[in-house]
Amino acid sequence: MWAKKHLLYTGATRQPFILSIRDGSVDLSSFKRWLGQDYVFVREFVPFVASVLIKASKKSDDGNDMEVILGGLASLNDEIAWFKSEASKWDVPLSNTVVHKANQNYRRFLENLMLPEVDYAVAITAFWAIEAVYQESFAHCLEDGSKTPSELQDTCQRWGNEGFGEYCRSLQKIANRCLEKASSDVLTKAEVTFLRVLEHEVEFWNMSHGCA
Ligand SMILES: Cc1ncc(CN)c(N)n1
């Protein structure tokens with residue numbers, strides 16, 4: 001996969017906000033900003049994942065794809081409940097959140113990817129990349145030597161745990177299988193989309209960290 005090939009991937013998975021959680025220097029206002037914004041993101045992510053599920057059921061030559069994606073969709077149900085409980089723990093209001101620019105831009109990007117004319121190979125690559133950035137970022141905060149504050153462990157575990165890692169690897173296998181038989185045109189579209197995901201993730205972390 002291109003992940004290793006692009007420096008942007010390192011930028012997206014070792015972004016200052018993530019590094020500040022890992023070294024324990026994160027300020028809670030940044031964390032609370034991220035929490036409120038990511039709740040908005042996840043609610044937009046649900047229809048995107050549903051659109052990938054529809055594409056898989058229509059276009060995939062392997063019925064297992066639909067089951068993997070369905071599993072991801074189901075976990076978003078628990079994820080929304082987790083956000084609500086975490087937000088009440090931190091006194092972060094989840095209603096009428098002002099949606100920051102980076103989040104609005106990401107939402108528009110996801111909406112475009114939901115269009116029926118977007119190839120399944122492109123959509124599944126974006127889906128894998130979106131999940132993988134979070135998995136690698138938060139897993140980094142759980143590695144030996146990290147000084148992640150105990151009150152943020154739960155957040156890091158949510159995406160950094162081994163089970164989510166397994167799930168991301170199964171998405172990567174699906175994406176690779178689709179890309180192996182894709183036309184060069186679709187391959188190019190998928191790589192451009194992969195890079196766009198990384199850019200949006202970097203912008204999302206920057207927004208959370210309070211960078212302009
Ligand atoms: C911005 C963002 N990117 C990815 C994920 C993981 N589904 C997330 N919760 N938020």
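For clarity, every value in this text was computed on a predicted model and none was experimentally measured. Order of listing sets the numbers, starting from 1, for every ligand and every atom in it.
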What residue and heavy atom of the protein are closest to atom 3 (N) of ligand 1, and at what distance? Glu201 OE2, 2.7 Å
Any carboxylate oxygen within less than 4.0 angstrom of a Lys/Arg side-chain nitrogen, looking at Glu86 and Lys89? yes
How far is atom 6 (C) of ligand 1 from its nearest protein heavy atom, and which residue and atom name does that atom have? Glu131 OE1, 3.2 Å
Are any of the side-chain nitrogens in Arg177 or Glu180 under 4.0 Å away from the carboxylate oxygens of its partner? no
Ion pair check, Asp185 and Lys189, cut-off under 4.0 Å: yes
In ligand 1, the atoms that come under 4.0 Å of a heavy atom of Asp38 are 1 (C), 2 (C), 8 (C), 9 (N), 10 (N)
Minimum non-hydrogen distance to atom 2 (C) of ligand 1, winning option of Phe204, Tyr134, Tyr39, Phe83: Tyr134
Does a side-chain heavy-atom distance below 4.5 Å link Asn161 with Phe138? no
The atoms of ligand 1 lying under 4.0 Å from a heavy atom of Trp159, numbered in the order shown, are 6 (C), 9 (N)
For Phe127, enumerate each residue passing the ring pair (Phe, Tyr, Trp, His ring centres under 6.0 Å) test, keeping only those at least two apart in sequence or located in another chain. Phe45
From the candidates Leu110, Val40, Val42, Ile130, the one that places a heavy atom nearest atom 4 (C) of ligand 1: Ile130
